[in-house]
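Okay, structure first, notes after.
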There are 2 protein chains.
Amino acid sequence: MSTGLVSLAFKDPARVSAVRRARILDAADRLGYRPNFVARSLAADGSSFIGILLSDLHNPLFAEIADAARQEFDAHGSYALIASATKARPEGRAPENPEEGGQAGSGASARGPGGLRVPGATGGADRIADEQVIAMFRDLRPRGVLVIGTIADTALLSGLPSATPVVYASAVSPEGSAHPSVRADDDAGMALLFDHLTGRGHQRIAFVGGAGGEVSRLRLEAYLAQAEARGMPALVARADFSEQSGYRAGAELAGLDPRPTAVIAVNDLAGIGVQAAAEQAGLRLPADLAVAAFDNTYLAGLHRISLTTIDPRNAEVGRRAASRLLLALDPDGARHAGLPRDGARNASAPGAGDSDALRDVSSPIGESRGAASAPRSARFGGAHAVASPGTEDVLVRPELIVRDSA
Amino acid sequence: MSTGLVSLAFKDPARVSAVRRARILDAADRLGYRPNFVARSLAADGSSFIGILLSDLHNPLFAEIADAARQEFDAHGSYALIASATKARPEGRAPENPEEGGQAGSGASARGPGGLRVPGATGGADRIADEQVIAMFRDLRPRGVLVIGTIADTALLSGLPSATPVVYASAVSPEGSAHPSVRADDDAGMALLFDHLTGRGHQRIAFVGGAGGEVSRLRLEAYLAQAEARGMPALVARADFSEQSGYRAGAELAGLDPRPTAVIAVNDLAGIGVQAAAEQAGLRLPADLAVAAFDNTYLAGLHRISLTTIDPRNAEVGRRAASRLLLALDPDGARHAGLPRDGARNASAPGAGDSDALRDVSSPIGESRGAASAPRSARFGGAHAVASPGTEDVLVRPELIVRDSA
DNA sequence: CTGTTAGCGCTTTCAA
DNA sequence: TTGAAAGCGCTAACAG
């Protein structure tokens, strides 16, 4: 039998006679034969998988998103590879990662502030250590790429065949990017928090955050907007995503004379820092100071923490980002091959309430981002090289989780 | 110019005349040419990179190990790719992951207890969703593989060319595996904890843990051994790695009549659960109950937690595992090509005290594991197919971090 | 339906 | 040193 036939038998079994197919498949696994992924991706141009690129291994939020996305892909018969890149941080910039900032100081970590960089062996300048990973990733030619978090060097992705659809999750897409991003709606989250706190009578609500990265900055803006819209005084203590930082900010706030009665922290970790500072200052929680935050990491749910927080619904973000990508890959909708779609779906996501998963979307941001202002007509632009269905960002409506802290 | 020459110019510039080389390199980057990773790995058999396989994206310990390993690889001019596999858990088994168990319950997670599995499109049985990732990984033919955490399906790795060295980090290598593993020495950690607690006068020290996985079981055994060796009573409240679980165990312990004065928890999260239960029961911490744990995650360092714990020195584990692999790849030691090794080393790990990094190793476990009893002679067995330098497990001596809780 | 023929983009002999 | 030629393991047109 010819090799071509064997190839067919694996790729499109239906087009091979039953006898042959049986013989091939049988012989294959008797010999332990498995088609070689690499050769395949070289020969066909473009592989059959969807790549997931994780920008930061340390961020647990990203892991959740990746899991959800992967489920979605699997449910649709697509494959996903996860490669990870360590985020290369500009020197001296605090990590966006809620975890790292709070590392216990006594560990044996030798990591410098600049992240993982190595002196270039080839070029002169430093390069991101994971450039290799990205290169490899690119050469594998994924059908589409889901980027989770912010990838430092946008140029790396540009090596992809230009028709490859890219979707960003949980990050604003880079400057002038035509790729959509899917993320939680921090403005909505902030509004939820204000509603809740004012509902409990708070009139002096402070914000802890604003530093450490884009997300922090956007949340600060959202805070200021809410405060103004409600005619409330704005009070900001600068902090990044770390507990330490929140602690310092909290101490500052606790010492103020007309003390705020509530604090909204940029993330759980900072919020915990605020709580710690408040306790230290002799305040009772939540009576003297209510604390709320963003992210709903598992930290917030610990008995001893019990922090009211905004759940960004990472699973939903991941799922939504994945669907978006799938749509771009197959704009016609669906029925093309393979396994019973619905069955697979139900099996892998039993109680998720999938049916209305697409309803709770806020309107696209519109003016707030360059990328978002791409012409809507591109949506159905079959004539374009990339028939990507829309480049508008998608905002997922977050959820308020009320706990003891506020 | 022939394509062959170009190839040479990239791989071994010295063997190409200066003129040609210049012209090639110049033209290359003017045209934006970059050698294709995939084609290269197909043509040459075996790529130039070392693969890092992460078993669980959610475990922050693993991320730390991966980072450290990557640094080590980079310092030696090798490349590393990280692919991730979601650990496929036997149905109903609690996660080994310290994080997941403690997830706040209100999120939108739709993940079933069985982890990410999809109904097989090809075969009949369920398969791990990430089988594809592993297949791809394998087909890329890494020079060596570092597995971080426990990979469920060992068979997956077996598809590698049999001479590929494999090292496990932070996991016991699978049954009968000939591959060495590098991990923290839990026995030593337990001894450290007992020394500390008895030094503070504690005589009734309980253990919370034992369930949820291999690591938990081993720590329980270590506890029992210490208690016996010191002629102290053993008191165990079963728990897995979650805070909930620790909370329940703590409540149980708090209600006992001759109450323990100290508790050692299987990990930070469980320890925090114990603290919460104790507080709830009206005990003062640490006066009425001292709590200590394992892992030194950033949790332990939070102001409001301040947990005395054992630092597994993940960075060291990662570094050590990486060296081990490098050694297996190049048993002769070092001088083979490329960049000034020492310079690179120093640059990327400034204050790490590298020089004595190899001194603090406990003796190999010996009898405790099958794999560890491989004949020492294999060490220099140049005649063997795999001249792997030693298959003994390496245990890293952990460190005690004393905080307020004990 | 099946076999044949070209490559995918590179690395490697092997001569020149 | 350089060029030419033969693949790596597969897929993608074709023709039979």
Side-chain angles (χ1 to χ4, degrees), chain A residues 1-29 31-49 79 81 122 132 134-143 159-164 336-338, chain B residues 1-29 31-49 79 81 122 132 134-143 159-164 337:
Chain A
M1 273 174 300
S2 73
T3 62
L5 232 205
V6 175
S7 175
L8 248 194
F10 275 92
K11 206 189 106 75
D12 193 355
R15 276 173 42 195
V16 172
S17 72
V19 208
R20 297 296 202 191
R21 194 184 346 163
R23 294 222 304 162
I24 290 173
L25 262 26
D26 183 69
D29 77 37
L31 267 34
Y33 169 87
R34 338 243 276 96
N36 185 312
F37 218 101
V38 170
R40 175 181 292 201
S41 115
L42 182 60
D45 65 30
S47 336
S48 62
F49 78 102
Y79 305 139
L81 161 80
T122 43
Q132 291 300 325
I134 311 251
M136 174 172 256
F137 193 78
R138 184 219 298 122
D139 292 343
L140 250 13
R141 301 201 210 166
R143 287 170 53 210
L160 290 169
S162 63
T164 312
H336 65 114
Chain B
M1 276 174 296
S2 73
T3 64
L5 231 205
V6 175
S7 174
L8 248 196
F10 275 92
K11 207 188 104 74
D12 193 356
R15 274 174 42 196
V16 171
S17 71
V19 207
R20 298 295 203 192
R21 195 186 341 162
R23 293 222 304 163
I24 290 174
L25 264 26
D26 182 68
D29 74 39
L31 267 35
Y33 169 88
R34 337 243 276 100
N36 183 311
F37 221 101
V38 169
R40 175 182 292 200
S41 118
L42 181 61
D45 65 30
S47 335
S48 63
F49 78 104
Y79 305 141
L81 163 80
T122 43
Q132 292 300 326
I134 312 254
M136 173 172 257
F137 193 78
R138 186 218 298 119
D139 291 342
L140 250 13
R141 301 202 209 168
R143 287 170 55 210
L160 290 169
S162 65
T164 312

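Note that the structure is a prediction, hence the values are computed from the model and not measured.
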Is any side-chain nitrogen or oxygen of Arg40(B) closer than 4.0 Å to OP1 or OP2 of dG9(C)?
no

Can you check the Asp139(A) CG to dC8(C) P distance for me, whole Å?
16 Å

Could you tell me how far apart Arg21(A) (CZ) and dT2(C) (C1') are, to the nearest whole angstrom?
14 Å

Nucleotide dC1(C), atom C1' - distance to NZ of Lys11(A) in whole Å
17 Å

Measuring from Leu25(B):CG to Tyr33(B):OH, what's the distance to the nearest 0.5 Å?
11.0 Å

Rounded to the nearest 0.5 Å, how far does CZ of Arg20(A) lie from CZ of Arg15(A)?
15.5 Å

One should read off an interatomic distance between Ile24(B) CD1 and Ser17(B) OG, to the nearest 0.5 angstrom, of 8.0 Å

Rounded to whole angstrom units, what separation is found between the CZ atom of Phe37(A) and the C1' atom of dG9(D)?
14 Å

Whole angstroms only, please: what is the CG-P distance between Leu8(B) and dG3(D)?
11 Å

Asp45(B) atom CG is separated from dG7(D) atom C1', nearest whole Å, by 12 Å

Would you say dT2(D) has OP1 or OP2 under 4.0 Å from some side-chain N or O of Ser17(B)?
yes

In the structure I gave you, are the side-chain heavy atoms of Ser41(B) and Arg141(B) within less than 4.5 Å of one another anywhere?
no

Grab the CD1-P distance between Ile24(A) and dC1(C) for me, whole Å please.
13 Å

Counting side-chain heavy atoms from C-beta on, which of dT2(D), dT11(C), dC10(C) comes nearest to Asn36(B)?
dC10(C)

Measuring to OP1 and OP2 of dC1(C), would you say a side-chain N or O of Arg15(A) lies under 4.0 angstrom away?
no

Nucleotide nearest Leu5(A) (side chain, heavy atoms from C-beta), chosen from dT2(C), dG7(D), dT11(D):
dT2(C)

Go nucleotide by nucleotide along DNA chain D from the 5' end; which of Ser2(B) and Ala39(B) gets its closest nucleotide reached first?
Ser2(B)

Rounded to whole Å, the CG-P distance (Leu42(A) to dA6(C)) equals 19 Å

Report the distance from atom OG of Ser47(B) to atom CG of Leu140(B), rounding to the nearest 0.5 Å.
5.0 Å

According to a strict under-4.0 Å criterion, is Arg20(A) in side-chain N/O contact with OP1 or OP2 of dC1(C)?
no

What nucleotide, of dT11(D), dG9(C), dT2(C), holds the atom closest to the side chain of Ala43(B)?
dG9(C)

Of the nucleotides dG9(C), dT2(C), dG9(D), which has the atom closest to the Arg141(A) side chain?
dG9(C)

Looking for any heavy atom pair under 4.0 Å, which part of the strands does Val6(A) touch: base, sugar-phosphate only, or nothing?
nothing

